[in-house]
**Q** 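Let me give you the structure first, and then I'll get to my questions.
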Amino acid sequence: MCLSLAIDIFNTRRPLLSQSLSDPVSVAIMLQREGVITGQVLASVESASPSVASQREVLLDAIIVAIHGKYSILQTFASVLCKFTGNVKLGTVIQRDYDKAFNNKNQVISDDEAQESSDSDSKKLTPTNVAPLYIPQYKSQDFDVLSAKFAKMFSSIRKVISKCPPPLEDLKTFIEDFNSDLEAELSAIKNLQGVMRLIRKNCSLINIVILEAVVEHFEIDDAQKYIDDYKREIDESCRNLSVDLCLNEPFDVVRASPPLKCETATYVLGWEATEHKLKDVTDIVSKSSGKFVKLVDIKSTHSITITCSFPHSLTGALIIKLSENLELLIKNGLMMLTVGYCTIWKKQKMQEIQEPLEEEIKEQPHDTKRHKELKETAQQLTNILSEKEKELNKIKEEIHEELSLIKKTKTVFPASANLFWLLASVDFSQIAMSTKSQVGTKQQSQKKSDVVKLPKKKGPHYPSWLFAHFCDELVSILIKDRDLLLHLTDSVTINLLKHPVDMKKIQRNSHSIIGCKMLANAVLEYLSKAKCPDYAICDLLLILESEGNVELTSLVNEIRKQAEKHSYNIKPKTNIQVFLSVAHASPKCIQNFRTSFQLPLDPKCSLMVVSEFIPLNKVTLKGENTIGQMSQLSIDELCNVPPSSWILIEGVSGIGKSTLAYEMLKQWKDGTALQNYSYVLLLRFRNENVHQYWSPSKVTQLIQECLNEQYHEQPDILSNSGQDLLLILEGYDELPKKELECHAQVFYQLNRNFHNAVVVITTHPSFSYQLSDKILFAKKIEIIGFDKPNQDQYIKVAFKNDKAKQDQFKESIKSCPIIAQHLSVPLHLAIMIKVFSSSTQKLLPQTITELYESFAMILICKNSPQNEESIFKKCCEIAYEGLLKQQIVFDCDETNTLGLMQRESKIPGKDGGIKAVSFLHFKMQEFLAAYHMQAEFLLKEQKKLFEKYNSHQQLFPTMHFFSGLTKLQKDLHKIVKLTGAYTFPLDQFYHLMEIKNDALVSEMLNENGMIDVSRVSRAITVQDFYILGRCFGLSSCSWKFGFTIRGLTSEHMKMFVSGFTDVLPYVQSRQSPNLERIVLSLNPIGNEGLATFLSLPRSVLRTITEFFLRAASLMNNDCFKDCITKFEHFHALETFLFHDNEFKEGEQQQLIDVLCTLKHLEKVSFSSLSPQECFTLLSQSHLTELELYELSFESVEELLISLTQCMTLKCIELYQSPITKEIVERSLRHSLPHCTFKELKLINCKIDSKMANLIIDAAMYSPTLQVIDLSDNVIDDEGGCYIASKLCALYQKLLPSPAKKITQLFLQHNCFTETSIKEFTCKLIQLPYTFTIHLSLQWKDYIETKLRHVEELLLINVQNDNLVLQARHEPQHGTQAPSATDSTNEDDTESGWNKVKKKRRGRPSK
């Protein structure tokens, strides 16, 4: 029965597979590794090339044979298909058919049953109602206890529902929507009890989802507590099960497709199953692999085998994680560890690790490729283990030396038990080299900082220069292993690259060398533009090493050697977590600690608007989220990290960092979150006593004091180094900033004493760089604030469900457009509600300054004494002086502060009558400081202050308020700088919005001839785009916007247009602004975002000269078709970049037709054009530059044939489009002599030597060609030597003298050897004119060392990570050597070819 079903499914889908299966060779390779087909079948599939159809049929014939042997192979086949982008739909269809046939609710088939059914179709299947649980029924006593808890819980909920039952029909309808299979049973039920029986029937001990859904949907709050209690009890019971009770039981309640071998990790541990709990298994898995894997099953013979699954794309990241935690696993009895096809570690001598691989080799004598792979793997593992052992021995020696030195010098360094901080911040090579000198200079050693910084950088471009040396070698490794290319692409995209567009393109081209070169170029571009190139090259090398490939490991070693040669330190940041065997606190003990824990004051109490916690849904997980993507914040997910991890949470003032810290404590105490922590501890940096004890020598005492304050029954966290401790350090930006190095040493000491703890630090974004330079964070999180549903929920709670007041408030906000854009900040929303609810406020504030001014007035009126004016002045003075001193806690009596300040902790050691106070919020202190500046200083002093502090990032909010209070009158507005800075000060626009004077704002903006908003240093929010739209609309000057890879979405576009529209009446009364340049490339704005932007008035669109939309997530649909007509208004458009979007051939024809009508259009770029689209572009336009990407063979041929159709063309650039010899012979050889362009660039087009020779021959007949770029191709020495022999002919050309000469040749990143380089240099020095050749940077050392006699005759430079060679020439008769565009006299060209002009020693002067 099963076999026939599987064969029917395959035969049904075979016609579709025969037509649509892409890349059959790669699919066959993975199937062979999964054991589905043999190596002989794989060889047959490969030999069927180049016919893809033949390859498909060979593979499909083999699959049907395999299915006859075991029907479940069909499911494996479907899973393999889903691993390839082009085959995902095919795999999904087959998997759906398979699930429908075998995995429906009434037919759950075990593995044994599956095998039996494949042997005999006549055997009947035993249906079950649910998948098997991992709580065995034979353990009757434990099972009865759990059943009793379930019965008690369900009975309690039944009583609650019976007291206030929901309408019966509504209840039945909801359950039917929840599970349509219950429709028949529901139709026969006539009362509530029958429904409850049906719900109970569809629950199990560990799955009560249907009951939870009913309780939540009908808001039965009294029943929720019973569910929460039961879930906690059942979770604890399951975790305490003995491992032997869970053996051979699946851990998936819902039966899913079994993981492939490449998606499986196995731990073999030398444990006795009866001596360990299930919790021991989950702990060792989670600590060693984080959240990468999911438990599949546990088996036992003489040891325990734990099988886990993981996403195939995370293979590299998982190997890194497991390698970091290998020592932990070995300490816990690890015998063997495998990931996918690779054995990471085995408890044998290193030589013995090859034995199982050699056995596997013997089993497959016909599979030569697999034979070679397994041998390479065996050698690779031996090398890796050998290197790791050497590194470990070296580290141990260095630590031993350093510890002996520490004893002599009394310098504080971390314990060797935890290498987190040491390896993250200390350069061992420097320590080892300086040991002798340090012993002799004790005093100097004591002064030296604990945190040793990297040596002085060689320059910002050195990392990319270093990688460029080895770029070609990386390509040569990747082209031999497609799986390695795909794995490495995933790892690089996740960890380095900023946008997934490169990953998608590489996957599309992974079958050829084009994909390999695309990856290398993407990495090279990333290194050249990275903000921290030193860290970027470290991360890259770590990724390369993690792939476990012998050749990649060797390449990394070569890169390190090259760096050492130039005294450049690229020692990677390392976070090695060593966990100690410390007993966890008992549940009873933890409960006691929760009971004795005293919650601190809720920070929301100062405003008294909403006391409950509203989740912050707009959160960016840096390094995990896709650019522009937001995630919902879960406190458990936030802190789900291994011990010894540090977490950074950043956000602007008022965004809710303090509230979040408080909520962590509260939910831990309530038992609703963070249950894996035994203790929590809060340090608020704003407290004065924290300031006093914040030093390396006192920080342990500070922790003890906080324990005394927060716990009645104190936990012992010192003896176990903070095991199971969550330490929250709130408000790093509120520490004194005078001694930043001291702060680093305190963190260092904290990590030393509590190295098993998880530490959370919150701070303002402007201070995060100070922490990131010192600490290797496991997770970085930026809180963006409330989204619209959050705001609505907050408003609902604030007005106590009063619908009328909610609607009135929302309607009133519409009259405050600027304020409305700031309500994502919870503090602003709370104050706005407070102001709205006050009877003294008739008109709502329109700016943030007015908002805080109104709030201050409410507080003063409420706490108004007789001498309120003098008290207010005093508060403003305190705020101002504290801001300059970076002080936020003061000695003052809070009863005399008009309610503007609140009480803080008592300062130790001082008079009991004096209290420590702070302002209600730091934002209030900033406002009052600005008020003091405005009220107490003369205009001249105000100008000096504004000019001094306006460029200070940490004082921007104060200057923001100052702008609003002064309205920037009396020439203050002239100090606002909108041009000249390297990074654009986006916050300056907020200053302008505070003055409430559109005419003055317009005047200030128009004083700048051009405003270039590019290189914005911080994250760009939708609020920024609203303000930007308003400022743009109020001006009549010229603008340039550059927002590449800034995570912009359609929401940003809506806010920009909204801001512009809000000032539209003002715009219509005068000249519109000019938008000369708009760059939206590599942002997922989508069609909706583009349509929104194009809704700007025609008067704006007609001014755009440059429009960049590369990889903007655009696709062909009705919305895009509506956008096309708007391009008719781009009368000034000169440059339009549109490649790397999601269009297929033929879908951009309508857009091209419109663009060809634009008279000023000079340059365009496109991807995936059809032959007709290529012809239209060249025959109907007046382009001078054309960039095209990823064209098909047919489109390439049409393009090269049609080059003569566009006589205005000056430069043609073709990328990532394979060219054949036949195409060159049929098209380029005939069209090139009749073209008028100066530059021909055929980059990464798979051009080999034969094609290159044909192109060079054809180029000699071009009358205008001056530059040829054949970089990133596969030209070898045959082509290299031929091109070198034609250098003279290229310059002379076989045409009359008016013809332009070819003077530049780009040949970097080809397959040359030393033979070609010798030929290039020898021929180059013989030329009597200036000729430039660009080669790969890897040849620089070879030329300067092996070819020294030639090197003296050449000008050698490095440009854009390429090696540039030119011949040296002495100017003769007072003239210079001819330039790239100069023609040469016939007498000059006939003489001097075979002789070298007078040599010029030394480097040329600048």
Side-chain angles (χ1 to χ4, degrees), residues 22 85-86 489 493 497-519 521-522 525 1044-1045 1079-1087 1089-1090 1106-1117 1120-1121 1123-1124 1127 1133 1135-1156 1161 1163-1178 1181 1183 1185-1200 1202-1203 1209 1211-1219 1223 1241-1246 1269 1272:
S22 66
T85 305
T489 300
T493 303
L497 305 181
K498 299 294 186 181
H499 199 280
V501 64
D502 290 308
M503 180 177 68
K504 295 176 182 177
K505 292 176 67 175
I506 293 167
Q507 289 173 342
R508 286 199 298 269
N509 295 276
S510 59
H511 58 279
S512 74
I513 197 170
I514 290 178
C516 302
K517 288 182 175 288
M518 288 168 66
L519 177 61
N521 286 329
E525 183 179 10
T1044 305
I1045 320 184
V1079 180
L1080 299 174
S1081 295
L1082 296 165
N1083 291 289
I1085 64 170
N1087 291 6
L1090 176 62
E1106 296 177 279
F1107 197 15
F1108 294 0
L1109 285 171
R1110 179 206 168 193
S1113 300
L1114 303 174
M1115 62 185 68
N1116 187 44
N1117 59 18
F1120 179 74
K1121 291 175 183 176
C1123 294
I1124 290 175
F1127 282 96
L1133 189 63
T1135 304
F1136 181 66
L1137 303 187
F1138 199 69
H1139 61 285
D1140 289 344
N1141 283 296
E1142 301 172 24
F1143 294 92
K1144 299 177 181 177
E1145 287 191 4
E1147 293 181 345
Q1148 301 168 86
Q1149 181 68 55
Q1150 189 178 352
L1151 174 61
I1152 291 173
D1153 291 339
V1154 172
L1155 293 176
C1156 287
L1161 187 62
K1163 179 179 179 179
V1164 298
S1165 73
F1166 284 97
S1167 295
S1168 305
L1169 295 185
S1170 67
Q1172 179 60 41
E1173 289 169 332
C1174 292
F1175 177 78
T1176 304
L1177 262 181
L1178 289 169
S1181 68
L1183 297 174
E1185 294 182 62
L1186 178 59
E1187 281 184 30
L1188 297 176
Y1189 297 78
E1190 295 188 277
L1191 300 188
S1192 64
F1193 289 117
E1194 296 79 8
S1195 297
V1196 169
E1197 184 166 5
E1198 181 61 41
L1199 172 74
L1200 298 181
S1202 305
L1203 287 176
L1209 197 63
C1211 176
I1212 174 72
E1213 301 178 40
L1214 183 61
Y1215 296 85
Q1216 302 149 11
S1217 306
I1219 301 177
I1223 290 176
K1241 300 183 179 182
L1242 304 175
I1243 301 171
N1244 197 6
C1245 293
K1246 212 175 178 180
D1269 191 339
D1272 278 306

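The first residue of the sequence shown is numbered 1, and numbering continues consecutively from there.
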**Q** Are any side-chain N or O atoms of S1195 and backbone N or O atoms of L1169, one a donor and one an acceptor, separated by less than 3.5 Å?
**A** yes
**Q** Within the distance-only criterion (no hydrogens, no angle test), does the side chain of N521 pair as donor or acceptor with the backbone N or O of L519 below 3.5 angstrom?
**A** no
**Q** Return the CG to OG distance between N1244 and S512, rounded to the nearest 0.5 Å.
**A**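 These two atoms lie 7.5 Å from each other.
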**Q** Give a yes or no on whether the backbone of D1140 and the side-chain of S1167 come within a donor-acceptor separation of less than 3.5 Å.
**A** yes
**Q** Mind checking side chain to side chain contact (heavy atoms under 4.5 Å, CB included) for K1144 and listing every partner two or more places apart, or none if nothing turns up?
**A** E1147
**Q** Taking only residues two or more places apart in sequence, or in another chain, which ones meet E1106 in a side-chain hydrogen bond (donor to acceptor under 3.5 Å, both in side chains)?
**A**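 E1106 satisfies side-chain hydrogen bond (donor to acceptor under 3.5 Å, both in side chains) with no residue once adjacent residues are dropped.
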**Q** Could you tell me the separation between the SG atom of C1174 and the CG atom of L1186, rounded to the nearest 0.5 Å?
**A** 8.0 Å
**Q** Please report the interatomic distance CZ(F1138) to CG(L1114), rounded to the nearest 0.5 Å.
**A** 5.0 Å
**Q** Has E1194 got a side-chain atom pairing as donor or acceptor with P1171's backbone, closer than 3.5 angstrom?
**A** no
**Q** Taking the side chain as every heavy atom from C-beta outward, state whether L1161 and S1181 have any atom pair closer than 4.5 Å.
**A** no
**Q** Tell me if a side-chain donor or acceptor on E1145 pairs with a main-chain N or O of S1168 at a distance below 3.5 Å.
**A** no
**Q** Using side-chain heavy atoms (C-beta onward) and a distance below 4.5 Å, is V1079 in contact with R1110?
**A**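 A side-chain contact is absent here, since even the closest heavy-atom pair is not under 4.5 Å.
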**Q** Aromatic rings F1107 and F1136: how do their planes relate, parallel, tilted or perpendicular, breaks at 30° and 60°?
**A** tilted
**Q** Taking S1217 for its side chain and E1190 for its backbone only, find out whether a donor-acceptor pair lies under 3.5 Å.
**A**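 At least one qualifying donor-acceptor pair exists.
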**Q** Any chance the side chains of Q1149 and T1176 put a donor and an acceptor closer than 3.5 Å?
**A**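 A pair is found: one side chain offers a donor N or O, the other an acceptor, under 3.5 Å apart.
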**Q** Minimum heavy-atom separation for M1115 and F1120, please, with both atom names.
**A**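 In this case the closest contact between M1115 and F1120 is O-CB, 3.4 Å.
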**Q** Quick one: closest heavy-atom pair of E1197 and I1223, and the distance?
**A** CA-CG2, 4.0 Å
**Q** Looking only at non-hydrogen atoms, find the nearest pair between F1108 and T1135 and report the distance.
**A**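 That would be CE1-CG2, 3.6 Å.
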**Q** State the CG-CG distance between L1177 and D1153, to the nearest 0.5 angstrom.
**A**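 CG of D1153 is found 9.5 Å from CG of L1177.
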**Q** Take D1272 and M518, measure what side chain to side chain contact (heavy atoms under 4.5 Å, CB included) needs, and give me the verdict at the end.
**A** CA-CA 9 Å; D1272 278 306; M518 288 168 66; over 6 Å; no
**Q** Quick check for you: to the nearest 0.5 Å, what is the distance between L1178 atom CG and L1188 atom CG?
**A** 8.0 Å
**Q** Identify the two heavy atoms, one from P1084 and one from S1113, that lie closest to each other, and give their separation to 0.1 Å.
**A** CA-OG, 3.5 Å
**Q** Return the minimal non-hydrogen interatomic distance between S1081 and N1083, and the atom names on each side.
**A** O-ND2, 2.9 Å
**Q** Which pair of non-hydrogen atoms, one from Y1189 and one from Q1216, has the smallest distance, and what is that distance?
**A** CD2-OE1, 3.7 Å
**Q** Starting at CG of N1141, measure out to CZ of F1166 and round the result to the nearest 0.5 Å.
**A** 10.0 Å
